[in-house]
Amino acid sequence: MSPVENLLLFDLSLGGHHPSYMEYLIAYWHRQQLPGQLHFVVAPEFPTVHRATVDYAHSLDGERIHFWAIAPAEFAALSPRSNGWTRAKRHFDEWAVFQKYAKTLNADYGLLLYFDTCFLPLAFGQSSSIPFGGIYFRPTFHYRSFSHYRPRRRDLLQQWREQSLLRRVLAQPQCRDCFSLDPYAVEPLRQLTDGAQIWPLADPVRPFDLGAIDLMAQRSALGIPP
């Protein structure tokens, strides 16, 4: 992906590893001295719940890294995740929010930090006003190629559905990149598209200085036998 002037990074998730992923991306962008502006579009509570992530970004480059929390009313209008139908509807709702902020922020490229949640709207004909890519978290369609894998019937149905969606998503004219957290899915993904670039994305690990940790005290506190 070539450098762009305004990069929109979209993720409305609050929990799990999402904030730490943002920090890794911010650190890499800063370390490589890439040009342009980073615009993170996040949930309304993100700046409060993950204040450390926002502060970290601003400590590196407060002039070119921005967090845009969507309005509480916008977030409240998203369909709930209470069942399969409403979860599917929410994917369309979030895609509409992404498109709105792409236009508002005059973005040149959009990176969907949780690409999986955008497959349905894209597969069913929703288009994008800007080039985009995304991080694919949970590929499973390639599992059947593993030796000793014994899928259930519903697993095969899910894999067929996933592959069908992927073909349509990757065929979108504006879809430029797909980053896979599963390195074994990269080649099968490449076989589904002639246009989008498929990239392996290593799961990052933050090193710790073990010399500063009293291992015996930690074992005792956690009840771990010597």
Side-chain angles (χ1 to χ4, degrees), residues 1-13 16-29 31-32 34-36 38-41 88 91-92 94-95 98-99 101-102 107-149 151 155-205:
M1 187 177 70
S2 58
V4 295
E5 192 65 27
N6 283 311
L7 177 59
L8 167 61
L9 302 106
F10 184 81
D11 192 346
L12 300 184
S13 301
H17 49 262
H18 296 265
S20 59
Y21 263 61
M22 291 180 183
E23 292 181 19
Y24 289 121
L25 289 169
I26 290 165
Y28 178 83
W29 181 82
R31 187 167 60 249
Q32 298 296 320
L34 299 178
L38 292 187
H39 297 278
F40 287 90
V41 174
H91 294 172
F92 285 85
E94 290 195 7
W95 181 253
F98 168 75
Q99 287 299 305
Y101 280 85
D108 301 304
Y109 185 96
L111 182 62
L112 301 151
L113 299 183
Y114 195 4
F115 203 12
D116 311 43
T117 63
C118 302
F119 286 172
L120 277 178
L122 287 167
F124 279 88
Q126 297 287 315
S127 60
S128 175
S129 60
I130 59 172
F132 66 89
I135 301 176
Y136 189 12
F137 275 80
R138 297 180 295 177
T140 65
F141 74 99
H142 61 303
Y143 284 4
R144 59 180 179 271
S145 65
F146 296 165
S147 61
H148 306 298
Y149 177 63
D155 296 327
L156 292 174
L157 181 62
Q158 159 59 24
Q159 291 164 16
W160 173 84
R161 172 182 172 275
E162 181 184 352
Q163 184 169 310
S164 299
L165 290 175
L166 282 166
R167 286 187 187 277
R168 296 177 65 87
V169 169
L170 297 175
Q172 280 273 350
Q174 294 280 49
C175 183
R176 304 292 171 81
D177 306 279
C178 177
F179 300 89
S180 174
L181 292 179
D182 182 349
Y184 297 104
V186 170
E187 191 54 40
L189 283 166
R190 287 174 176 162
Q191 294 173 13
L192 298 179
T193 177
D194 294 323
Q197 295 291 310
I198 310 298
W199 310 91
L201 184 64
D203 221 349
V205 175

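In what follows, residues are counted from 1 in the order of the sequence shown.
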Please check: side-chain N/O of [X] versus main-chain N/O of [Y], any donor-acceptor pairing under 3.5 Å?
| X | Y | answer |
| --- | --- | --- |
| Glu94 | Cys118 | no |
| Gln172 | Gln126 | yes |
| Asn6 | Asp108 | no |
| Trp95 | Ser127 | yes |
| Asp11 | His18 | no |

For this session: Decide if the gap between the ring center of Tyr24 and the ring center of Tyr28 is smaller than 6.0 angstrom.
Result: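 Between Tyr28 and Tyr24, which both carry aromatic rings, the centre distance is not below 6.0 Å.
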
Nearest 0.5 Å, what's the [atom1]-[atom2] distance between [X] and [Y]?
| X | Y | atom1 | atom2 | answer |
| --- | --- | --- | --- | --- |
| Leu120 | Phe92 | CG | CZ | 5.5 Å |
| Asp182 | Leu201 | CG | CG | 11.5 Å |
| Trp160 | Leu157 | CH2 | CG | 7.5 Å |
| Phe179 | Gln197 | CZ | CD | 9.5 Å |
| Leu38 | Leu25 | CG | CG | 8.5 Å |
| Leu8 | Gln99 | CG | CD | 9.5 Å |

In the structure I gave you, are the side-chain heavy atoms of [X] and [Y] within less than 4.5 Å of one another anywhere?
| X | Y | value |
| --- | --- | --- |
| Leu122 | Phe132 | yes |
| Pro151 | Tyr143 | no |
| Glu5 | Pro35 | no |
| His91 | Phe124 | no |
| Ser180 | Pro139 | yes |

For this session: Check the surroundings of atom CZ in Arg168: do more than 12 heavy atoms from other residues, nucleotides or ligands lie under 6.0 Å from it?
Result: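 Count not over threshold, so no.
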
Problem set entry | Over 12 non-hydrogen atoms of neighbours within 6.0 angstrom of CG in Asp194 |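 Check fails, neighbour count at 12 or below.
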
Problem set entry | side-chain contact (heavy atoms from CB on, under 4.5 Å) assessment of Leu113 paired with Met22 | CA-CA 8 Å; Leu113 299 183; Met22 291 180 183; 3.9 Å; yes

Taking all non-hydrogen atoms of both residues, which atom of [X] and which atom of [Y] are closest, and how far apart?
| X | Y | value |
| --- | --- | --- |
| Leu165 | Ala123 | CD2-CB, 3.4 Å |
| Asp177 | Phe115 | O-CE2, 4.3 Å |
| Leu170 | Leu189 | CD1-O, 4.1 Å |
| Tyr149 | Asp155 | OH-CB, 3.8 Å |
| His142 | Pro188 | CB-CG, 3.8 Å |

Exercise. Does the side-chain contact (heavy atoms from CB on, under 4.5 Å) test come out yes or no for Cys178 and Trp199, once each step is laid out?
Worked result: CA-CA 6 Å; Cys178 177; Trp199 310 91; over 6 Å; no

Seminar exercise, completed: Sorted by chain and residue number, the side chain to side chain donor-acceptor pair (under 3.5 Å) partners of Thr140 (sequence neighbours excluded) come out as Glu162

For this session: Could you walk me through whether Asp203 and His17 pass the side chain to side chain donor-acceptor pair (under 3.5 Å) test, one step at a time?
Result: CA-CA 11 Å; Asp203 221 349; His17 49 262; over 6 Å; no

Exercise. Run the side chain to side chain donor-acceptor pair (under 3.5 Å) check on Arg161 and Gln163 step by step: do they pass?
Worked result: CA-CA 6 Å; Arg161 172 182 172 275; Gln163 184 169 310; over 6 Å; no

Exercise. Which class fits the ring pair Phe98 and Phe10: parallel under 30°, tilted 30 to 60°, perpendicular over 60°?
Worked result: perpendicular

Problem set entry | Contacts of type salt bridge (charged side-chain N to carboxylate O under 4.0 Å, His left out), residue Arg190, not counting sequence neighbours | Glu187

For this session: Apply the test side-chain contact (heavy atoms from CB on, under 4.5 Å) to residues Tyr114 and Tyr21: give CA-CA distance (whole Å), side-chain angles for both, the deciding distance (0.1 Å), then the verdict.
Result: CA-CA 11 Å; Tyr114 195 4; Tyr21 263 61; over 6 Å; no

Exercise. Given the rule in the side-chain contact (heavy atoms from CB on, under 4.5 Å) test, do Leu9 and Trp29 qualify, once you have shown the distances and angles that lead to the verdict?
Worked result: CA-CA 12 Å; Leu9 302 106; Trp29 181 82; over 6 Å; no

